[in-house]
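What follows is a set of notes on a single structure, which appears directly below.
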Amino acid sequence: MSSAADSIVINTEGLGKSYKGIKALDALNLQVPRNSIFGFLGPNGAGKSTTIKLLLGLIRPTTGRASVFGWDVQHSSVEIRKKIGYLAQDPRYYEHMTARQTVRYTARFFYSGPKNLLEARVAEMLELVGLDDKADRPIKSFSGGERQRLGIAQAQVNYPDLLILDEPAASLDPMGRHDVLEIMEKLRKYTTIFYSTHILDDVQRVSDTVAILNHGQLIAKAPIQELLSGNDGGTIYTVTLKGSTDQTQSRVASQPWVQNVSVEMQNGQTSWSVCVNDPDTAENELLRLILEDQNVVVKSFGRKVFNLEEVFLSLIEGSN
Amino acid sequence: MPANSPIDRSAVLAARQGLVPARGSGFNNILSKELGDWFSTRRWIVQTIIWLAMINGLMAFIIFVVPAMDPSEQIPREEIASQAAALYFSFSVTFGSIGMIILSQDEIIQEKQTGTAAWILSKPVSRQAFILSKVLSNLLGGLIFITVLPAAVAYIEISIATQKTQPFLPYLLGVSIILLTLFFYLTLVIMLGTFFEQRGPVLGLSFTLLFGGMIAAQFAPQLAYILPVNMQDIAAAVALSQSLPPVAISQVIFTALWCLVFLVMALWRFSRLEF
């Protein structure tokens with residue numbers, strides 16, 4: 001296997017799933033790099049859980065194919081699952097079992113012993129998710145948040161090379177969410193994390209790459225910084241000015257590295273959104289160009305960083 | 001959660017190297033858990049009491065208590081063995097079949113409905129291992145609580161009633177007919193569980209075959225050659241070394257074949273299910 005292929009953990013080619021003629025997933029092409037935190041976004045029904053189930057072999061693709069660790073998901077599903085930890089969107093366990101029994105049961109699918117090391121690992125996972133004091137209570141008495149924590153524990157018990165999390169922060173309070181994100185950051189060192197979520201703040205905080213799905217189609221995929229700093233491929237600088245700006249505006253707009261300049265007037269000040277196609281030149285030249293005009297006072301200057309929610313909504317509305 | 005959870009790469013790798021990877025496709029782990037559900041909970045006590053009471057308790061009442069209460073109900077000595085055996089095998093086959101249907105109805109349906117099947121299948125578990133572990137664990141449960149324990153007690157009861165030890169090997173062969181019948185209904189229910197999403201059709205079709213088969217065979221005797229509708233009579237005849245009914249060999253062979261067919265269909269269907 002080549003080193004390039006080694007660096008890709010999940011690879012899908014035209015992966016699709018239809019139910020009675022309705023496409024739940026449409027020709028998904030996705031590559032998830034090793035040791036990355038890959039966020040998978042989309043509204044309800046976008047196809048996120050469908051994608052995850054296809055990777056796990058819980059459902060079969062209608063079109064295309066997918067591989068995990070270079071293994072085909074249809075032919076080598078059991079082998080793939082030996083290296084995966086998975087947390088379902090709505091985790092379900094045997095209600096009569098305790099948390100400890102559940103994590104132990106999960107661990108035994110991956111390891112046969114020694115018993116002391118297995119028990120130590122089980123205890124470590126329960127302590128990690130804050131369930132050590134409830135380890136021997138039946139799960140039927142657990143709250144939604146406790147079940148979610150248990151889910152995270154059982155997903156990690158086997159030191160997975162790929163952690164697949166479907167809405168990992170669902171049902172968790174803010175402290176719980178914070179802890180989950182912290183764990184994901186720490187796990188990045190030795191595992192790849194592929195997770196779906198609705199909580200955009202979480203994605204913005206921890207993800208390296210984000211893919212956005214809508215109506216079963218991939219509408220955007222990029223490193224998080226690229227997604228946040230660009231819009232339709234361009235970088236935008238926001239400038240707030242006072243004074244007569246017409247000449248300066250013309251001079252800026254005529255630059256070859258400037259795509260367009262949008263102007264807004266507010267409270268006697270002029271706000272520009274300067275879309276550039278050469279961010280490096282813009283970074284060096286734009287402010288100098290503006291300051292050449294002594295009739296203009298620069299009140300603020302900076303590169304626009306998009307909120308992921310803005311990007312997400314813009315892309316979703318665009319694809320609708 | 002603790003603020004300083006130790007996730008250190010070298011410690012993780014060291015610990016990981018100490019753990020021995022599990023072999024197989026999850027069969028042993030699931031079987032261990034399923035057997036634990038039978039034997040590590042109160043279930044084994046409940047099942048022991050139910051089957052001993054239902055089969056052996058009733059037998060004891062008819063063989064010992066009724067004649068004691070009414071001497072006119074005394075069974076002639078030369079008929080005790082055959083009547084007692086007929087009682088035992090009739091109770092075992094009928095009640096045992098009903099019990100096996102009821103006990104195994106949820107094995108697949110509940111796992112699908114609650115989502116635990118999807119959870120298990122997200123682990124390195126083959127679909128065949130899932131089904132086979134369910135079959136084997138329930139077969140063992142049926143073997144011990146519905147077959148072996150009541151058979152052992154019934155052997156003692158018959159021996160006491162006849163005041164002599166019954167030939168063991170024919171008795172054992174008769175008991176194996178009971179087990180085959182239970183296996184038939186077990187594999188039937190497991191198979192139906194893979195095809196349906198609700199308990200209703202599983203129970204309905206199973207009981208229709210159990211009772212409807214017996215009734216239908218009276219109107220279409222040919223059915224007795226291919227369905228387990230006379231297994232209690234066959235088992236009693238084998239146990240007492242008596243002449244077998246004409247349908248015996250064919251019925252036993254076809255019952256075994258049906259078990260195989262149901263099992264193969266269950267494995268095939270479950271491998272196609274999506275979760």
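Letters A, B, ... are given to chains in the order of the sequence lines, protein chains preceding strands, and every chain is numbered from 1.
Here the closest heavy-atom approach between residue A22(B) and residue F109(A) is recorded as CB-O, 3.8 Å. What you find for G18(B) and P114(A) is that their closest heavy atoms are O-CD, 3.2 Å.
Heavy atoms of other residues, nucleotides or ligands lying less than 6.0 angstrom from NZ of K23(A) number 12 at most. Within a 6.0 Å sphere centred on CZ of F254(B), heavy atoms belonging to other residues, nucleotides or ligands number 12 at most. No more than 12 heavy-atom neighbours from other residues, nucleotides or ligands sit within 6.0 angstrom of CH2 on W258(B). Heavy atoms of other residues, nucleotides or ligands lying less than 6.0 angstrom from CD1 of I22(A) number 12 at most. Around the CZ atom of R65(A), the shell of radius 6.0 Å holds no more than 12 heavy atoms that belong to other residues, nucleotides or ligands.
Without hydrogens or angle criteria, R108(A) side chain to S32(B) main chain gives no donor-acceptor distance under 3.5 Å. At least one donor-acceptor pair under 3.5 Å links the side chain of E274(B) to the backbone N or O of R60(A).
Contact annotation for R272(B): both backbone and side-chain heavy atoms come within less than 4.5 Å of a heavy atom of chain A. For a residue to count as touching a neighbouring chain, one of its non-hydrogen atoms must lie under 4.5 Å from one of that chain's; by this rule I30(B) touches chain A with backbone and side chain alike. For chain B, no part of H178(A) is nearby; none of its heavy atoms comes within less than 4.5 Å. If you measure heavy-atom distances from K115(A) to chain B, you find no contacts under 4.5 Å at all. For Q154(A), the parts lying under 4.5 angstrom from a heavy atom of chain B are both the backbone and the side chain. In this structure, no portion of Q110(B) lies under 4.5 Å from any heavy atom of chain A. Proximity to chain B involves both the backbone and the side chain of K82(A), based on heavy atoms less than 4.5 angstrom apart.
To the nearest 0.5 Å, the span separating CD on E79(A) from OG on S25(B) amounts to 8.0 Å. To the nearest 0.5 angstrom, L121(B) atom CG is 12.0 Å from K53(A) atom NZ. To the nearest 0.5 angstrom, K123(B) atom NZ is 10.0 Å from I84(A) atom CD1.
Counting heavy atoms from C-beta outward, L19(B) and Y159(A) have side chains that approach closer than 4.5 Å. Counting heavy atoms from C-beta on, the side chains of N29(B) and Y105(A) come closer than 4.5 Å. Counting heavy atoms from C-beta outward, V78(A) and V125(B) have side chains that stay 4.5 Å or more apart.
Within the structure, every pair that satisfies the salt bridge (charged side-chain N to carboxylate O under 4.0 Å, His left out) test and touches residues 35-45 of chain B, not counting sequence neighbours, is listed here: K33(B)-D37(B).
Heavy-atom pairs under 4.5 Å with chain B peak, among I59(A), L56(A), L118(A), T106(A), at I59(A).
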>> Please determine whether side-chain contact (heavy atoms from CB on, under 4.5 Å) holds for the pair L58(A) and W119(B), giving the CA-CA distance in whole Å, both sets of side-chain angles, and the decisive distance to 0.1 Å.
In response: CA-CA 10 Å; L58(A) 293 174; W119(B) 172 54; over 6 Å; no
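Interface with chain B: from residues 86-94 of chain A, residues Y86(A), R92(A), Y93(A), Y94(A) qualify, criterion being any non-hydrogen pair under 4.5 Å.
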